[in-house]
Amino acid sequence: MRAFANLLERLAFTPARNAKLRLLTHYLQATPDPDRGYALAALTGDLKLRAVTPGLLRGLMAERIDGQLFAMSYDFVGDLAETIALLWNTDRDEDVPLREAVALLTDTGRARLPAAIAGMLDRLGPSQRLAFLKLATGNMRVGLSARMARMALAAMGAPEVKDLEEIWHGLTPPYQPLFDWIAGGARPEQAARAPFRPVMLSTPVDLEQLQAFDPADYVAEWKWDGIRVQAINDGGTRRLYSRTGEDIGGAFPDLIEALNFEGALDGELLVRRDRDVATFGDLQQRLNRKTVSRDMLDSHPAALRVYDVMIWQDRDLRDLPHRERRALLEGADLGSDRIDLSPLLPFATWDDLAALRADPPSPVIEGVMIKRRDSPYVGGRPRGPWFKWKRDPMVVDAVMLYAQRGHGKRSGFYSDFTFGLWDGPQLVPVGKAYFGFTDEELRELDRFVRNNTTERFGPVRSVAPKLVLEVAFEGLNASARHKSGVAMRFPRISRIRWDKPAAEADRLDTLKAMIP
Amino acid sequence: MRADQILHPTEAGLYCPPGDFFIDPIRPVPRALITHGHGDHARAGHGAVMATRQTLEIMAIRYGADFTQSRQTTEGVLRVGDVSVSFHPAGHILGSAQIAVMPDKGPKIVVSGDYCRAPNPVCASYEPVPCDIFVTEATFGLPVFRHPDPLSEMTRLIASMAEFPERPHLVGAYALGKAQRVIALARQAGIDGPIAIHGALQRLCDYHVEQGIDLGPLVPATAKEVGAQLVIAPPSAFASAWVQRFRDPVISFASGWMAVRARARQRGVELPLVISDHVDWPQVTQTIRELAPDEVWITHGTEDGLMRWCELEGVAARPLRLVGYEDEPE
């Protein structure tokens, strides 16, 4: 347990994730079975031991040290296990195997527990005493997720993180078959029901890169701003996993109850009220809760928006092309109002898609997903079959200079706006925007234009330069064709700054500095 | 003469009326007896200073040659006013001493200053001095403080340097005493290569070497490229731009306080090393038992714990509540 104690100590003080992983990998490489397996389970919170109460530990100390000295010490140190580890008086420092400590904390009856713990503490040096007491009180607090544990394991040998994810939920401490596999033995059989399966991830893309691909080979859908999950019902065993394989079902009993299908779905966990998807902030309120109140279940109902299917009616569909999986989903009964299918977006060209992406119908959309119609479902992040084209706008504060009347639904409204930035004492036009605002805002903008017109040129009016528009855009090119020298891609009005004086709008130089 | 007529606390520090001197005064006085060179015990500007030769030399390095008008080194028993005094090794840092104050008639008082009983390669070992009244520090005056073997801490440092060979290890250590002890311990533990030192350590390291203490090859940590994986610096340097020259350093700190995790966290330390130049709980209690004085006076630190222990042991004790001394001086 000496090495385990050292590891705990280092993990507790090491902030960087990569350094933590290295410490853990080295420990796992150097430590024999079954101790390393128990250590791993202890660190990830998967080791179920008899919980030793603070009262029991205080009782041990009461027999050994003056109450006042104990109180002063505890007050100074601030942590009960640490105080006792430091106070315990013994000259011995045996390297007790972790399995022995685990056995003690598993098998000892309640009546014998205090004496057994004291006997163990008598054999240990200070750092092992702390490790033992942290184990006993179930309070490791080293910030190690199961995902990091798998990354450390992957650094030891052949299985990759996604291979480990696939079998992880069928494993129990001390994970002997897992370590055998890493050492070159056979892959452990997945025995557990409703196991997690490695999630297929996408790579980022932009409009320029997309030009290399034929839009006809791809489908697109919204990228919803929730939490990517895997929802499973395997013969009645229901699970909700995060994309890193953490079981998060406990916080979402309403959705678990709605998994009335047989299979494994890939989708986005959202809070949805009827058709309205709530913001990520609303979803956040449902996260990391041990129990969810009735009120919370009513006010923040969880829902699943399905992107893909991995298993359906006991059939593993992952090798099928996306188009077939999608067709199956469209014909399937998903079994609950809480579960719906993420709609596909109609587009013929990448510019069509860019326009859709630039003006999503819901604020809870953070871009579009682009998937090859023939892509199998492959865990991990393969380059190519799936792209994410996230919305990540740049913004400037510009001044409205001209307005033009719109067409169709917007006939009669001044709805297309030319805006400019300061270049010395002058405002130079830099772009034009005709969306990004609500209908209500359109009415207000139209009223502003009419009340502040300085000149008329047919459908165009020039307006007094006093309204600031926050303009969001997707990219910026240097352009010889424009007077300003820059061309914005998909500019839109992200906010109307009724509050901001025009003199405080951005300068042209600011915009030029954004050119990549 | 009663004990408190021989020595009593004042705002300037412990004062001895029959000798007309202060011990480790925190403000300028006509005559000072100084236990050791740490800044909170040894200040500049006294009329006359009596201390060990090494403490006087350290004060001259830190404050300049004119830190006092007159100085006297200590050999054997000396007469100061109407009392005799003698200096004895305290095992804290180079030159550190306990001061025995002996009136012609009355109790013998030993002021230990800061002291340590763990072996220290950079200074003479603590020497028990029988006395009637023992004046002790209580920096680590709680039973939670049992400092480990400093070499085992060095083993942890070496293990970390091997585990993260690409990362420089920056060990914070006070410029006087701790820094040289850490370097000497590193040598003892088998680190033979160059160790880089922050500029603020240079003169004090040089002085230790002049005194015959082998610190091995030291290189400056002032250059843009520092040619050593192990770097020793005063803790204050970690807040300065000096640290920016190191890529992804492991920040370490050598102090007795590192035994308590919350203290290590407060400092943002990644590798706490429990290395102390003060007595820990077993040492301070053992020393009091060994000396068996009539009375124990406690100068500074966590005196409540030691007071309680004395009460339980039936040892007469009182806190002096001296102000102006730091837990562990910067």
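Heavy atoms only: backbone and side chains are in, while hydrogens, waters and symmetry mates are out. Reminder, nothing fancy here: chain letters follow the sequence lines and each chain counts from 1.
Contact record, B/Val144 with A/Ser73: CG1-CB, 3.5 Å, taken as the closest heavy-atom pair.
Distance check, rounded to the nearest 0.5 Å: OG1 of A/Thr83 to CG of B/Leu142 gives 10.0 Å. Within the model, atoms CD of B/Glu311 and CG of A/Asp66 stand 8.0 Å from one another, a figure rounded to the nearest 0.5 Å. Separation of atoms OG1 (A/Thr14) and CD (B/Glu270) is listed at 4.5 Å; rounding is to 0.5 Å. If you take CG on A/Asp75 and OG1 on B/Thr302, they are separated by 11.5 Å, rounding to the nearest 0.5 Å. Once rounded to the nearest 0.5 Å, the distance linking CZ of B/Phe145 with CG of A/Leu86 reads 8.0 Å.
Annotation: residues 182-194 of chain B contacts chain A through no residue [non-hydrogen atoms, separation under 4.5 Å].
Sparse packing is recorded around CZ of A/Arg112, with 12 or fewer heavy atoms of other residues, nucleotides or ligands lying under 6.0 Å away. Remark: A/Arg243 CZ is loosely packed, at most 12 non-hydrogen atoms of other residues, nucleotides or ligands lying under 6.0 Å away. The neighbour count for A/Arg92 CZ, taken as heavy atoms of other residues, nucleotides or ligands under 6.0 Å away, is above 12.
Residue contact with chain A, scored on non-hydrogen atoms closer than 4.5 Å, involves the backbone and the side chain of B/Ser160 alike. For B/Val260, the parts lying near chain A are the backbone and the side chain together; criterion is any non-hydrogen pair under 4.5 Å. A/Ala12 touches chain B through backbone and side chain together, each having a heavy atom under 4.5 Å away. Both the backbone and the side chain of A/Ala19 come within less than 4.5 Å of a heavy atom of chain B.
You'll find the side chain of A/Leu23 reaches within 4.5 Å of the side chain of B/Phe164, heavy atoms only. Two residues are said to be in side-chain contact when any heavy atoms from C-beta on lie closer than 4.5 Å; B/Arg146 and A/Pro126 fail this criterion.
Salt bridge A/Asp79/B/Arg261: absent, no basic N to carboxylate O contact under 4.0 Å. For B/Glu166 and A/Arg22, the salt-bridge test passes: some basic side-chain N is under 4.0 Å from an acidic carboxylate O.
Ranked by heavy-atom pairs under 4.5 Å with chain A, the list B/Arg167, B/Arg156, B/Glu163 is led by B/Glu163.
For B/Phe140 and A/Phe76, the distance between ring centers is not under 6.0 angstrom.
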